Amino acid sequence: MAIHVRRKGKLLAERRKRMIISSLLSALTVLVLGGIIMYFVVIFFAKEEPAEFITYTPPPNNSDVPKPPTEEEMSSRAAAPSPEINPAVIVSTGVSAVVMAQVDVDVPDFGVGNGLGEGDGMGFDGSGFGHGTGKGNGKGDGGGKGLNDDVQVVLCLDASGSMDQLFVEVADSLNMLVNTMTRCRLNGKKARVNLGIVVYGQAMDNGAPRVLTPFTTDVKSMRSKLKEIQCDGAVEPCGEVIDFALDNFEWNMRDRQDILKIIFIAGNEDFKQGSLDYRTAMHKAKRKNIIVNTIYCYPGMEEEALMTPEGKEWADAATYADGLGLVITMDGSTPAGSPDDAKLHAAAKALWDVPVMAMGGPDAQVRCMKEYADRPAMPKKQGEINDWLAENSELLMRSYDWDLVELCRRYEDEFSLEVIGGPGNLPKELRGLSNSEAVSRLQDAAEARGKALRNYMNAAGAGSGFCGKALRALRIQAQEKGIELKS
């Protein structure tokens, strides 16, 4: 039998080899387990922040779209794509990198939708974009409005048993409020505006608020819905109404100081009713940069209203959201500020008959004057004037981009022929005159038009009634925001 004897040195070498292999395997196991542990630590304790903003870029070679956003706007969570431009949407974000992708959108069908979503990442619901998983901005049909408006106004109207007069007055003079709003200009361009209506105090809703019309500028639709309201009930929870209006409209929440957002709340009872303290709602509005104006509907002289406990309460409430405390008289005899059909018809016809002057070359002037000649005829019966104005008051107030008389009226003393690109764009009846004579003739026509417009506004009840007081506040607060609002 042969006996193999291993040398001691060889045994030691093999032992070292086994120890090294064992150590390597142990280290590898520790690394693998450590990596798994770190992965879950990152997932649960070091999750990246979600996308902080949605931004956009304008299409090239188009001078009519807004300028690209500033860095401040781009970094705002609430920045949203404008329906007027081709949006670019963030598709991936990280701690140190942002990947942008251009998105092809059919602009006419692009809708912003119903409010900002909540959650992580980007949510898509319908045709809108939002910060959320399953709760995006859109609701599907491309008709969303509000998030990009420059001027937003919500009327909160008390529909309790004693307020029929308010609804008649608002319905009859709403066209004046809406059409004046549409004349707002921001940075030299026509501002985007929208108006919404909330009703509250009805018995069928136990006084709870509801949206009568979402943001729109369709006066005919709003008037129709206002006239369907049956005023009854008694509970008027003003704090809850304001809070409801804050949460149920697509307010523009971009961090810009020149956005005008206003709530008007009108009623005639104790402002402190309801389970929600009105001051809580007012502070919430102020945080969102939304002004709240109060309109106390008093059955007597305005001068007496602020001497009553309720009147003082309504006026004081407005101060919590930088608003104005307003008063309108509602004595039950005639609708507050409601226009007289005969006077309104006469004033509207006088304004309708003020001539316009088209600017531009000969072909452009022919096209413009044909558009003017094709206007719908004004009704001859006085009782039909309100319904006609609901559809056509925008034309009555000369919203023609080519109307040189209206342009001169808006520029006032600052008007010159340079504004229209020189004397070559004057209408033919003014081309034989010197520059100074042409400007003088235009200023005379603009003055006549301004007078006719003021008479029309007075006849339409734009003074002491709801819409008159609302317009007065709107002018003051628009000016403070740098928004131009002319009659």
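This is a predicted model, so every value here is computed, not measured. Residue numbers run from 1 in the order of the sequence given. The figures here come from the full heavy-atom set of this structure, side chains too, leaving out hydrogens, waters and symmetry mates.
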Q: Determine, step by step, whether Asp322 and Gln477 satisfy the side-chain hydrogen bond (donor to acceptor under 3.5 Å, both in side chains) criterion, reporting the C-alpha distance in whole Å, the side-chain angles of both residues, the deciding distance to 0.1 Å, and the verdict.
A: CA-CA 10 Å; Asp322 297 330; Gln477 291 157 351; over 6 Å; no
How close do [X] and [Y] get, heavy atom to heavy atom, and via which atoms?
X: Gln202; Y: Ile229; value: NE2-CG2, 3.9 Å
X: Ile291; Y: Gly323; value: CG2-CA, 3.7 Å
X: Lys261; Y: Lys288; value: NZ-O, 2.8 Å
X: Val354; Y: Ala452; value: CG2-CB, 4.0 Å
X: Trp251; Y: Ile262; value: CH2-O, 3.9 Å
X: Tyr200; Y: Cys238; value: OH-SG, 4.2 Å

Under a 3.5 Å threshold, yes or no: a donor from one side chain and an acceptor from the other, between [X] and [Y]?
X: Glu437; Y: Ser440; value: no
X: Gln365; Y: Trp402; value: no
X: Asn194; Y: Asp149; value: yes
X: Gln443; Y: Asp413; value: no

What is the distance from atom [atom1] of [X] to atom [atom2] of [Y], rounded to the nearest 0.5 Å?
X: Cys467; Y: Asn175; atom1: SG; atom2: CG; value: 8.5 Å
X: Arg192; Y: Gln152; atom1: CZ; atom2: CD; value: 10.0 Å
X: Met163; Y: Leu166; atom1: CE; atom2: CG; value: 4.5 Å
X: Phe466; Y: Leu174; atom1: CZ; atom2: CG; value: 9.0 Å
X: Leu426; Y: Arg441; atom1: CG; atom2: CZ; value: 11.0 Å
X: Leu212; Y: Leu157; atom1: CG; atom2: CG; value: 8.0 Å

salt_bridge([X], [Y]) N-O dist < 4.0 Å:
X: Lys312; Y: Asp316; value: no
X: Arg409; Y: Glu406; value: yes
X: Arg185; Y: Asp150; value: no
X: Asp218; Y: Lys220; value: no

Q | Stepwise side chain to side chain contact (heavy atoms under 4.5 Å, CB included) check, Thr329 with Tyr298 | A | CA-CA 5 Å; Thr329 297; Tyr298 183 66; 5.9 Å; no
Does a sphere of radius 6.0 Å around [atom1] in [X] hold more than 12 heavy atoms from other residues, nucleotides or ligands, not counting ones at 6.0 Å or beyond?
X: Gln230; atom1: CD; value: no
X: Glu429; atom1: CD; value: yes
X: Lys451; atom1: NZ; value: no
X: Lys343; atom1: NZ; value: no

Could you check whether any side-chain heavy atom of [X] comes within less than 4.5 Å of a side-chain heavy atom of [Y], counting everything from C-beta outward?
X: Val199; Y: Lys225; answer: no
X: Ile263; Y: Cys156; answer: yes
X: Thr308; Y: Glu304; answer: no
X: Pro427; Y: Leu430; answer: yes
X: Val292; Y: Ile242; answer: yes
X: Val241; Y: Phe244; answer: no

Q: Please list, chain by chain and in numerical order, all residues satisfying ring-ring contact (aromatic ring centres under 6.0 Å, His included) with Phe271, sequence neighbours excluded.
A: Tyr278, Trp314
Q. With no hydrogens and no angle check, is any side-chain donor or acceptor of Arg375 less than 3.5 Å from a backbone partner on Tyr372?
A. yes
Q. Quick check: does any side chain N or O of Asn425 sit under 3.5 Å from a backbone N or O of Ile420, one acting as donor and the other as acceptor?
A. yes
Q: Give the C-alpha distance, both sets of side-chain angles, the deciding distance and a yes or no for side chain to side chain contact (heavy atoms under 4.5 Å, CB included) between Asn252 and Leu147.
A: CA-CA 4 Å; Asn252 186 340; Leu147 289 177; 5.7 Å; no
Q | Residues which pass side-chain hydrogen bond (donor to acceptor under 3.5 Å, both in side chains) with Arg367, listed by chain and number, not counting sequence neighbours | A | none
Q: Apply side-chain hydrogen bond (donor to acceptor under 3.5 Å, both in side chains) to Lys381 and list each qualifying residue two or more places apart in sequence or on a separate chain.
A: none
